[in-house]
Amino acid sequence: MGKMAAVVGSVATLATDPAEDAFRKVFRFYRQSRPGTADLGGVIDFSAARSTGPDAPKVVRSQLSVSSVSEHNAHRAGLQPVSKWRAYGLEGYPGYQWHWVKQCLKLYSQKPNVRNLDKHMTEEETQDVWEQSKEFLRCKEMNKRRPRSLLEKLRWVTLGYHYNWDSKKYSADHYTPFPSDLAFLSEQVAAACGFQGFRAEAGILNYYRLDSTLGIHVDKSELDHSKPLLSFSFGQSAIFLLGGLRRDEAPTAMFMHSGDIMVMSGFSRLLNHAVPRVLPNPRGEGLPHCLETPLPAVLLRDSVVEPCSIEDWQVCASYLKTARVNMTVRQVLATDQEFPLEPVEEKKRDIATGSFCHLNDQNSQVKRARLNTDS
């Protein structure tokens with residue numbers, strides 16, 4: 001069945017630029033959209049399981065492989081039993097959040113993982129991002145004019161196989177151990193969606209401010225496209241645009257709320273997508289309701305989810321009041337597959353050059369870090 005693009009009527013009223021493709025036009029509309037107005041009337045909201053407009057894609061319930069993930073393993077990963085999940089798809093397109101937020105801010109942001117901070121700052125200056133930032137964030141409400149903390153300057157972190165943004169390739173030479181807890185979570189989600197044997201080999205964490213966007217792109221550098229791309233969202237909501245194989249196909253807009261998981265697989269694995277807007281909480285500088293529930297007092301003995309202290313959560317909550325964190329996890333290689341050999345000169349060139357990130361602030365373009373060959 002062909003993809004049914006949802007283009008809100010008001011999008012069509014934008015000034016036409018002959019050089020502007022259909023995706024870019026919708027991206028620009030939502031980038032300039034006004035929260036609380038009819039501008040967002042065409043954005044699919046999975047929390048309400050609805051789509052609006054006569055041309056909007058139909059939201060359909062998706063079947064999960066309930067028996068593939070035991071209740072015990074779901075709890076270990078900080079997930080509800082799969083039988084309680086609500087999974088949705090778009091017709092035409094063939095927790096325990098405290099722990100994961102804390103991991104993104106406190107643990108995954110540390111070396112040896114690769115970060116945007118490494119490009120312009122010394123290792124000593126970025127030593128223990130969390131410790132250097134927590135007092136700044138605790139005093140955030142009292143001192144609006146204070147300098148930004150390192151966590152607030154953090155834009156991205158890569159895990160496992162580190163992506164080279166110049167060559168657009170992964171390499172066996174640029175690898176650090178993938179976090180075991182995130183790997184376990186990803187394996188359970190993939191199995192519930194019918195992808196048993198999924199291996200979490202590379203991750204990109206994006207740290208959005210309210211004025212950040214994610215440019216139009218396709219994740220196609222992995223060598224095995226038969227495996228899904230998993231996306232986990234926390235903090236403030238965002239508008240996510242899912243397009244087609246070509247950028248002249250208008251995308252569908254949908255909300256990504258805190259705790260939402262998106263699985264791009266099959267035909268959708270190689271579709272254009274983007275984030276034109278992060279939306280401030282309609283209640284002001286507050287957290288989504290789902291983040292107000294703390295972890296259970298007693299966790300399973302073999303749970304990968306760890307307790308989160310009130311002090312740590314105060315820092316996380318202060319950060320998330322004006323931010324969104326997104327984890328994407330992917331399998332790079334097929335079973336028994338190896339990276340192709342590269343000419344020595346090309347490998348040296350890839351290591352030596354810097355490159356641009358597609359996660360942008362409103363007024364600046366963030367550069368990707370030069371890969372550290374010693375890691």
Side-chain angles (χ1 to χ4, degrees), residues 98-166 171 173-183 202-209 212 234-235 304-329 351-357 359-361 364-375:
W98 281 31
H99 170 83
W100 300 109
V101 171
K102 183 192 72 173
Q103 296 297 84
C104 289
L105 298 181
K106 186 175 182 178
L107 183 64
Y108 302 156
S109 61
Q110 309 299 340
K111 298 300 285 181
N113 298 328
V114 179
R115 311 158 300 182
N116 67 293
L117 301 176
D118 304 329
K119 177 70 176 179
H120 302 294
M121 304 178 73
T122 66
E123 189 169 342
E124 291 72 24
E125 289 175 315
T126 59
Q127 188 72 33
D128 205 334
V129 172
W130 174 267
E131 287 298 322
Q132 289 197 53
S133 303
K134 64 183 184 181
E135 293 307 321
F136 281 90
L137 288 167
R138 285 198 181 113
C139 301
K140 183 177 178 180
E141 305 304 323
M142 296 179 282
N143 186 2
K144 298 284 188 180
R145 296 185 178 181
R146 62 171 175 75
R148 287 188 302 164
S149 65
L150 285 180
L151 272 177
E152 292 168 303
K153 295 177 181 178
L154 192 65
R155 291 296 174 264
W156 54 263
V157 170
T158 56
L159 311 171
Y161 289 117
H162 301 288
Y163 186 63
N164 184 308
W165 294 89
D166 258 356
S171 167
D173 296 334
H174 299 140
Y175 176 83
T176 55
F178 195 94
S180 58
D181 57 347
L182 181 54
I204 298 176
L205 313 183
N206 283 325
Y207 300 79
Y208 295 79
R209 311 307 299 171
S212 299
F234 305 104
V304 301
V305 174
E306 300 172 347
C308 179
S309 69
I310 296 299
E311 292 76 17
D312 280 355
W313 182 247
Q314 287 173 344
V315 176
C316 295
S318 176
Y319 175 87
L320 286 182
K321 286 179 180 179
T322 55
R324 171 182 185 252
V325 178
N326 178 252
M327 310 187 299
T328 59
V329 179
I351 294 171
T353 57
S355 53
F356 288 99
C357 170
L359 176 64
N360 300 319
D361 287 331
S364 66
Q365 187 168 34
V366 183
K367 289 189 176 181
R368 289 276 173 185
R370 182 174 294 132
L371 293 171
N372 183 354
T373 56
D374 297 327
S375 62

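Between the side chain of Thr176 and the backbone N or O of Asn113 there is no donor-acceptor pair closer than 3.5 Å. Between the side chain of Arg155 and the backbone N or O of Glu152 there is at least one donor-acceptor pair closer than 3.5 Å. With hydrogens and angles ignored, the 3.5 Å screen pairs no side-chain donor or acceptor of Asp181 with any backbone N or O of Trp100. Within the 3.5 Å criterion, the main-chain N or O of Leu117 finds no donor-acceptor partner in the side chain of Thr126. Between the side chain of Gln132 and the backbone N or O of Gln127, at least one donor-acceptor pair lies under 3.5 Å. For the pair Lys102 (side chain) and Pro307 (backbone), a donor-acceptor distance under 3.5 Å is present.
When side chains are defined from C-beta on, Asp118 counts as touching Lys111, because their heavy atoms get closer than 4.5 Å. Between Lys134 and Gln314, every side-chain heavy-atom pair lies at or beyond the 4.5 Å cut-off. Residues Trp313 and Val101 are in side-chain contact: their nearest non-hydrogen atoms beyond the backbone lie under 4.5 Å apart. Using a 4.5 Å cut-off on side-chain heavy atoms (C-beta onward), His174 and Thr158 make no contact. In this structure, the side chains of Tyr319 and Ser149 stay at 4.5 Å or more apart for every pair of heavy atoms. At least one side-chain heavy atom of Lys106 sits less than 4.5 Å from a side-chain heavy atom of Asp312. Side-chain contact check for Asn116 versus Tyr207: every heavy-atom pair is 4.5 Å or farther apart. Counting only heavy atoms from C-beta outward, the side chains of Leu150 and Phe136 never approach each other to under 4.5 Å.
His162 NE2 to Arg115 CZ: the interatomic distance, rounded to the nearest 0.5 Å, is 11.0 Å. Atom CG in Leu105 sits 8.5 Å away from atom CG in Leu137 (nearest 0.5 Å). Between Thr328 atom OG1 and Ile204 atom CD1 the span is 5.0 Å, to the nearest 0.5 Å.
Taking all atoms of both residues into account, the shortest heavy-atom contact from Phe178 to Gly203 is CE1-N, 3.7 Å. When all heavy atoms of Ser109 and Leu154 are compared, the pair lying nearest together is CB-CD2, 3.8 Å. Considering all non-hydrogen atoms of both residues, Leu320 and Gly235 come closest at CD2-CA, 3.9 Å.
Between Tyr175 and Tyr161, the ring-plane angle classifies as tilted under the 30° and 60° cut-offs.
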task: Would you sort out whether Leu182 and Met327 count as a side chain to side chain contact (heavy atoms under 4.5 Å, CB included), showing the intermediate values?
output: CA-CA 9 Å; Leu182 181 54; Met327 310 187 299; 3.6 Å; yes
